[in-house]
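In what follows, chains are A, B, ... by sequence order, proteins preceding strands, each numbered from 1. On a predicted model such as this, the values are computed, not experimentally measured, just so you know.
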2 protein chains.
Amino acid sequence: MTKKKTTIKDIANVLNISAAAVSKALHDDSRISEKTKKAVKQVAKNLNYQPNHLASALRSGKSNLVGVIVPRTNSNFFSSVLQNIEEVLNKEGYNIIITQSNESYKKECDNIDTLLYTQVDGIIASMANETVELDYYEKVKSKGIPLILFDRGENDLNVDYIGINDYESSHLVVNHLVDNGCKRIAHIGGYKRTRIFNNRIRGYIDALKKHNLPLDTELLTESGLTIEDGREKMYQLLNLKKRPDAVYVAGDYAALGALQVLNEENIKIPDEIALVGFGNEPFTDMVTPRITSVNQHSEEIGKQAALTFLKYNKEKVVKQSLNKIILSAELIIRDSSNKKALLT
Amino acid sequence: MTKKKTTIKDIANVLNISAAAVSKALHDDSRISEKTKKAVKQVAKNLNYQPNHLASALRSGKSNLVGVIVPRTNSNFFSSVLQNIEEVLNKEGYNIIITQSNESYKKECDNIDTLLYTQVDGIIASMANETVELDYYEKVKSKGIPLILFDRGENDLNVDYIGINDYESSHLVVNHLVDNGCKRIAHIGGYKRTRIFNNRIRGYIDALKKHNLPLDTELLTESGLTIEDGREKMYQLLNLKKRPDAVYVAGDYAALGALQVLNEENIKIPDEIALVGFGNEPFTDMVTPRITSVNQHSEEIGKQAALTFLKYNKEKVVKQSLNKIILSAELIIRDSSNKKALLT
DNA sequence: TTAATTTGCTTAATCGTTTAAGCAAAAAAT
DNA sequence: ATTTTTTGCTTAAACGATTAAGCAAATTAA
C-alpha cells in the first residue's frame, strides 16, 4: 500500500501533454481549450489528484494560510471570534491555523515562529496577558506580513486593531449600578499593564468621579482574573470594615469565583452586594443568580479582523498604521445586579 | 520596506561557500567543520534567517505538521485534549493545526481537505455528531497518512482509537444512583448512531438489568444533547404520569438544561430527582447544585493520541489496524446526586 | 493571397531547501 | 613512502507546482 501521491505530471503523462498545460487547465487559463480542460479535470478526478500546497505556495509565494494566535480556545469569546474569522476567510480561499499561547509570552513567541515558518500570509492575534515586550511582533511586521490585533492589542505596534470600547464599557457598568442604588462599588480588575484592563480601570475611576462617588483604593484590585483570583479578591472585600455594596469584575471567570464566595457566605445578591462580570460567557446565564455581564460582540470582532486582513491580501508592499476599529459593548442585565426588577 | 527574506543562499554568499554546506551546517551534519558551523549560525542570526518551511517540507516530504479536527474548541474537554496533544508533539518538533467541524459533516470534509492540502504528516480527529459516512476518512488512510481517532471514533475505519469506557461509565453512574436509593432512573442519551452514545445507552440498559430494575422506554430518550435538548427532554420526563427519581444525562450541557428546568419548577435536587451529567465540564462545579459528572481524562486522551501518532512518524509505509486504548472513567460525585451526604 | 492576430500548447526557469554523488586535501594506516 | 580512510566541502538533481517566453497552427483581417 505504498500509495504514491498523484502529481500534475501523472496527469500530463496520461494525456500526453505537458505539465504546464495541466496546471493551466486546472486554473482555467484562457489559453487552454475547453476540450483539454475537461479531459484534465476528468483525469485529475480519476487519479484522485490533490494539489500539493507546499509546491504551489513555494512557487507563488502565497500560502493562503492565515495564522491566528489566541490566549486560549477554551472560552466562548475566543472560540466565537475564531469561528467568525474562519467563516470570512474560508470564503476567500484562505484557511486558518489556530495556535494557543495559554497566556504565556514564551509560548506566544513559539507560536509566532511556527506561523512564520509555515509561511502564513498574515497573522491575527490577541496577546497573552504576560506579553509586554513586542520584539516578536516587530519581527512579524519586518517580514512584511500583515498583522491584525484584536481584544488584547498594543498601540505601539502601529498595526490594525479591533476591539470594544473598554473605557466606555466601565461607564455602562457603573451607570447601571448607580442606577440600582449602589454607592460603594468595588472593582476586581485585570493587570493594568494589559491595555484593555487598564482602560476598564480608568473607566471605572472616571465613572465614579462622574457620579460624585469617592474612589476608595481598598475597593480597587488587580489580578489574573481566574476563578481562584475572583474568590480571593472577594474574600478580601468581605473582610473590609466597610464592605462594598456592588462588585464589578473585569472578567467572567473571576466574577464566578466571587459569586461562589458570596453564595457560600450566604450574602444576598444583589440586595446586599450586586455583581457584574465582563465577557458574557455562557455560564453567566447558567449560574444562580445569573450574572450581569458585558457582551463583547465576538462575532463582529472576528468578522472585522478577517476583513481587515483581506484588505491587505492583494497588496505587494504592506504598509500598516495604527488603525482602530472600536465597537461599543452592550450590558446584559441579569439577576445579579438588577435590584429594580425585585422591587416591582 | 520591501524586505526580501533571507535564504540559505544569502548566507552562502556572505561566507563564500555553497548553499548545500549552509544547509548541512544548520542541521549539524557531521561532515561540516565546527568552524564553518559556527560561522554559518552567526551569519544566519545576523541576517535574521528563518528557514522556509515550504521548501524544506516539499523537498523532504515531511511537513512536521499534524492536523487536529475537533467538533468545537469551545469545550473544556476538547480544549484540554488539544493542549495535551500540542505539548507532546511540540517536544518532538511537530506543530499542530487545529480545525473545528462545528459538528457538521460538510465542514469536517472541508477540514480534511485543508489538512491534506497543507500536507500534514498525520491527522488526529474526533468525529462530528453528524458523521456517518467514512469516505473522507478513507481518503486520509489511502494517502498513507496516519489517522488517530479519539472520543468519537469508528471501528470500521480500522485505525487507532483513544477513548474512555463508555459502557462501563454508565455502570458507574447507575450503580451510584441505585446506591443512593434511586429506583426509576431515566437516561437522556445522545444519538445512538454515535458509538460513544450508543455504548452509554447499552451500559445504562445493562446496568438496570443488573440491579433488577425494569427498563421503561418512556425514560430513555435520544437527542443532540444541547442545553435546549436537555430542557426539552426534562420537561417531557416531568410530564410523565410516573416521574423518574433520577436522571442520567449523557452530556453536561444537556444536564445543565435539565437542571435549569428542575430549578425553575422548584423540584428538590437530589431529593425528588437526582441528576448526573457526563464530561465533567467546569461549569458542573459552578452551578447550584453542583452536578455529579463523569471525568473523561482529557489530558491522558490527548497525550495518548499524540504518542500514538509518534509511533508512526518514522515508518515509511503506514500500516494501521484497529487498536484501541480505552481509559476507565471516573465518577465525580457532587450535590446533585449525593443523597447520602444529606442524611449524615 | 498575404500579413496580422489569436489559439493552444511546449520549454525551461524558478521558488528555497535537501541530499546523493563526487572530489580534492588532510590525516591515519600500512 | 605509499595506500587507505576521513574530512570538508562542491555540484547538481531533485521536490511539485507556477509562469514567462516562445513557437507552430489555426483563424481573422487587409
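For B/Ser23, taking side-chain heavy atoms from C-beta onward, the closest of the listed nucleotides C/dT18, C/dC15, C/dT17 is C/dT18.
Of the possible donor and acceptor atoms, one in the side chain of A/Asp121 sits under 3.5 Å from a partner among the backbone N and O of A/Ser63. A distance-only check finds a donor-acceptor pair linking the side chain of B/Thr118 to the backbone of B/Thr114 [under 3.5 Å].
One interatomic measurement links the two molecules: CG of B/Asp29 to C1' of C/dA21, which rounds to 14 Å at whole-angstrom precision. Taking atom CZ on A/Arg59 and atom C1' on D/dT19, their separation rounds to 5 Å, with Å as the unit. Atom pair A/Leu58:CG and C/dT17:P shows a separation of 9 Å (rounding to whole Å applied). Atoms CG (B/Leu47) and C1' (C/dG16) sit 15 Å apart, rounded to a whole Å. Between the NE2 atom of A/His27 and the C1' atom of D/dA20 there is a distance of 16 Å, given to the nearest Å. Atom NE2 of A/His53 and atom C1' of D/dG16 are 13 Å apart (whole Å). What separates OH of A/Tyr117 from C1' of C/dG16 is a distance of 13 Å, to the nearest Å. Rounded to whole Å, the distance from CD1 on B/Ile8 to P on C/dG16 is 11 Å.
Counted within 6.0 Å of NZ on B/Lys311, heavy atoms from surrounding residues, nucleotides or ligands total more than 12; the atom is thus considered enclosed. Enclosure of atom NZ in A/Lys62 by more than 12 non-hydrogen atoms of other residues, nucleotides or ligands within 6.0 angstrom is indicated. More than 12 heavy atoms of other residues, nucleotides or ligands lie within 6.0 Å of NZ in B/Lys324, so this atom counts as buried by the packing criterion.
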Practice prompt. Spell out protein contact along nucleotides 6-11 of chain D as letters: B when the base is contacted, S when just the sugar-phosphate is, - when no protein heavy atom is under 4.0 Å; keep the 5' to 3' order.
Written response: -BBBBB

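Put simply, the side chain of A/Ile162 reaches to within 4.5 Å of the side chain of A/Thr308, judged on heavy atoms.
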